[in-house]
Amino acid sequence: MNNLTIKKNTVDLALLREKIDTLRKERNAVILAHYYQEPAIQDIADFVGDSLELARWAATTNADVIVFAGVLFMAETAKILNPTKTVLLPDMKAGCSLSDSCPPTEFRAFLDAHPNHIVISYINCSIEIKAMSDIICTSSNAEQIINSIPKDQPIIFAPDKNLGSYLAGKTGRDLLLWDGACMVHEAFSIDKLLDLHKEFPNAAIIAHPESEAHVLKTASFIGSTAAMIRYVKESPNDQFIVATEAGILHRMKQDVPEKTLIPAPSVEDNTCACSECGYMKLNTMEKLYLCLKNNRPEIIIEEELRLKALKPLQECLRHIPKK
Ligand code: 13P
Ligand code: SF4
């Protein structure tokens with residue numbers, strides 16, 4: 001990139017920021033962003049958080065319009081909680097491999113084959129799966145929710161088998177797992193990770209619980225995106241290898257500029273040596289501007305389905321994680 005191009009991109013970005021800001025005020029809109037969004041989107045958002053924090057924000061905001069800079073299941077969650085508000089997703093194709101790994105028809109058959117189970121579903125699932133669940137959880141409150149269920153009550157946990165196995169170990173419960181996974185968190189290479197740790201032996205490995213068991217075994221801390229950010233701030237350690245989507249590094253770098261943050265290497269990527277979620281990265285500043293300007297793509301949900309998904313989601317919001 002030459003100097004002229006860099007200058008043009010900076011001007012374009014500044015102009016987009018100005019336009020988004022004007023529209024946000026005119027429309028009484030709030031911009032909510034996940035930590036995996038590109039830096040410019042995180043910087044312009046009214047609130048940046050993990051899945052549970054974003055759902056809480058969505059549940060309490062007074063704005064007329066919610067622009068959800070995240071993926072479809074997050075925007076759907078905001079709409080389930082706010083049926084009268086306009087909920088916009090900058091790119092409607094921003095899906096989720098984990099959500100896709102649990103198709104509703106197959107899940108229905110799975111539930112029918114295993115009656116008498118309480119169904120706990122991770123928030124990273126479609127509205128149809130939420131509607132078939134008893135309680136929704138996020139990585140922040142999943143352990144707490146499982147521990148609140150009587151010991152003799154069998155539990156189905158869906159859709160993430162990695163998070164489910166991790167929780168089974170933490171809670172000592174025999175969870176019946178749906179066989180789903182996130183392709184971003186399954187892309188970490190254990191061999192490259194161990195080699196990297198040899199290079200930086202003092203670095204603490206921290207991981208999101210959507211990662212596979214062999215990665216989690218190497219970690220000195222496991223938690224949601226918000227918990228990982230808190231950990232790097234509070235830990236006396238000054239070097240970290242971070243096993244989750246690379247977008248989280250933007251906020252970490254802002255919070256602990258003096259510390260060394262190294263993204264965990266993925267199997268395929270030999271160029272940037274990190275893991276990015278292609279769905280999260282479909283949202284751009286330009287699409288953010290256009291969705292505010294055009295009032296679309298808008299999340300529309302059928303009322304009967306919304307009401308079925310609302311109850312398990314409200315259960316989720318009752319469980320506030322201990323910090
Ligand atoms: P949390 O932000 O809740 O940790 O979830 C991570 C994730 O994969 C979101 O898609
Ligand atoms: Fe889904 Fe994984 Fe992307 Fe999160 S990181 S949105 S779980 S594909």
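Quick caveat: nothing in here was measured; it's all calculated off a predicted structure. Both ligands and their constituent atoms are indexed starting at 1 by order of listing.
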Pair W178-F157, ring-ring contact (aromatic ring centres under 6.0 Å, His included): steps then yes or no
CA-CA 6 Å; W178 178 262; F157 186 86; over 10 Å; no
I66 with F73, same ILVMFWY side-chain cluster at under 4.5 Å
yes
Check: Y36/T244 side-chain N/O donor and acceptor closer than 3.5 Å
yes
Ligand 2 atoms nearer than 4.0 angstrom to some heavy atom of C277 are 3 (Fe), 5 (S), 6 (S), 8 (S)
M74: numbered ligand 1 atoms lying under 4.0 Å from its heavy atoms:
9 (C), 10 (O)
How does M183 reach ligand 2, by side chain, by backbone, by both or by neither, if only non-hydrogen atoms under 4.0 Å count?
neither
For D50, the ligand 1 atoms with a heavy-atom partner under 4.0 Å come out as 1 (P), 2 (O), 3 (O)
Could you check whether the rings of W57 and F47 sit parallel, tilted or perpendicular, using 30° and 60° as the cut-offs?
parallel
Hey, is T138 touching ligand 1 through its side chain, its backbone, both or neither, going by heavy atoms under 4.0 Å?
neither
Out of N124, L54, L52, the nearest non-hydrogen contact to atom 10 (O) of ligand 1 is supplied by N124
Within C96, is some N, O or S atom less than 2.8 Å away from atom 3 (Fe) of ligand 2?
no
Below 4.0 angstrom from a heavy atom of C182, which ligand 2 atoms are there? Numbered from 1 as shown, please.
2 (Fe), 5 (S), 7 (S), 8 (S)
Compute whether any side-chain donor of one residue and acceptor of the other, for S140 and D50, lie under 3.5 angstrom apart.
yes
Would you mind listing which atoms of ligand 2 come within a distance below 4.0 Å of any non-hydrogen atom of N124?
7 (S)
Out of T225, I229, T244, who gets a non-hydrogen atom closest to atom 2 (O) of ligand 1?
T225
For ligand 1, indicate whether the residue H208 contacts it via side chain, backbone, both or neither (heavy-atom separation under 4.0 Å).
side chain
H185 N/O/S atom closer than 2.8 Å to atom 2 (Fe) of ligand 2:
no
Would Q37 and D43 count as having a side-chain donor-acceptor pair, cut-off 3.5 Å?
no
Tell me whether H34 has any N or O atom under 3.5 angstrom from an N or O of ligand 1.
yes
Counting only heavy atoms, which portion of Y36 has something under 4.0 Å from ligand 1: side chain, backbone, both, or neither?
side chain
